[in-house]
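Have a look at the structure below before the remarks.
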Amino acid sequence: MSALTGTTVIAKSWSFHAAHRLLSLPEGHKCRREHGHTYTVEIEWTAEVLTGPGFVTDFGNFGPFKRHLDENFDHRNLNKVMDAEPTSENLARLLAEWIVEHLEPALEGRLVSVRVSESPTSWARFTVVRP
């Protein structure tokens with residue numbers, strides 16, 4: 001290996017279908033009406049040291065997060081499963097909080113960010129800032 005130093009980041013994405021409405025928007029705004037999306041959630045994960053055979057972590061280690069998405073968000077009304085307005089921004093933060101609490105303690109490395117897309121052309125990213 002060369003003397004080059006840097007950070008390795010991996011990413012994994014999943015999709016789910018859900019409905020929501022943004023009640024804080026004014027009457028007449030199309031997103032105030034109930035509507036659905038095929039959401040794509042992408043996480044970025046990093047580690048200072050690669051584990052055998054040269055992984056940040058095995059992608060299979062993210063299985064519990066996939067189960068969390070399937071059980072709690074897929075084919076649901078996000079207004080009923082989230083305490084905050086169900087925007088992509090709030091969903092990205094909520095999912096990052098779950099990952100840091102439930103997944104990080106069991107895996108090597110750490111979460112960098114969670115990106116939530118409502119469509120192929122629009123997304124929000126929550127980047128974890130650590131002290």
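Here the structure is a predicted model, which means the values were calculated and not measured.
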Looking at residues at least two apart in the chain, or sitting in another chain, which of them share a salt bridge (Lys or Arg N to Asp or Glu O under 4.0 Å) with [X]?
X: R93; answer: E97
X: R110; answer: E48
X: D58; answer: none

Please say yes or no: joined through hydrophobic side-chain contacts below 4.5 Å, possibly via intermediate residues, are [X] and [Y] part of one cluster?
X: F62; Y: V56; result: yes
X: F59; Y: F16; result: yes
X: F55; Y: L107; result: no
X: L94; Y: V128; result: yes
X: V81; Y: Y39; result: yes

Donor-acceptor check, side chain of [X] to backbone of [Y], threshold 3.5 angstrom: yes or no?
X: N79; Y: R21; result: yes
X: E85; Y: S24; result: yes
X: E104; Y: L111; result: yes

Quick one: pull up [atom1] in [X] and [atom2] in [Y] and give me the separation to the nearest 0.5 Å.
X: I43; Y: F126; atom1: CD1; atom2: CZ; value: 14.0 Å
X: R115; Y: T127; atom1: CZ; atom2: OG1; value: 11.0 Å
X: D70; Y: W14; atom1: CG; atom2: CH2; value: 10.5 Å

Write down the atom of L78, the atom of P86, and the distance for their closest heavy-atom approach.
->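 Where L78 meets P86 most closely, the heavy atoms are CB-CB, 3.6 Å.
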CA sep, side-chain torsions, deciding dist, call: M82, H20, side-chain contact (heavy atoms from CB on, under 4.5 Å) | CA-CA 10 Å; M82 292 177 63; H20 73 154; over 6 Å; no
Are there more than 12 heavy atoms of other residues, nucleotides or ligands under 6.0 Å from atom CD of E42?
->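 Correct, the count exceeds 12.
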Does R32 have any side chain to side chain donor-acceptor pair (under 3.5 Å) partners at least two apart in sequence or in another chain, and if so, which?
->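 Checked R32 against side chain to side chain donor-acceptor pair (under 3.5 Å); matches are E27.
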Dump the intermediate steps for ring pair (Phe, Tyr, Trp, His ring centres under 6.0 Å) on H17 and H37, then the final yes or no.
-> CA-CA 6 Å; H17 307 282; H37 297 284; over 10 Å; no
Just grab all the ring-ring contact (aromatic ring centres under 6.0 Å, His included) pairs involving residues 102-125, residues at least two apart or on different chains.
->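 For residues 102-125: W98-H102.
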What residues form a side-chain contact (heavy atoms from CB on, under 4.5 Å) with A124, not counting sequence neighbours?
->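 So A124 forms a side-chain contact (heavy atoms from CB on, under 4.5 Å) with S88, E89.
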Do H68 and F73 have ring centroids that are under 6.0 Å from one another?
->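 Ring centroids of F73 and H68 are less than 6.0 Å from each other.
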If you measure only the distance, is there a donor-acceptor pair under 3.5 Å linking the side chains of N61 and E108?
->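 No, because no side-chain N or O of N61 sits under 3.5 Å from a partner of the opposite role on E108.
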Side-chain contact, heavy-atom cut-off 4.5 Å: V114 with V41?
->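 A side-chain contact under 4.5 Å exists here.
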Could you go step by step and tell me if F65 and L95 meet the side-chain contact (heavy atoms from CB on, under 4.5 Å) rule?
-> CA-CA 9 Å; F65 181 62; L95 295 174; 4.1 Å; yes
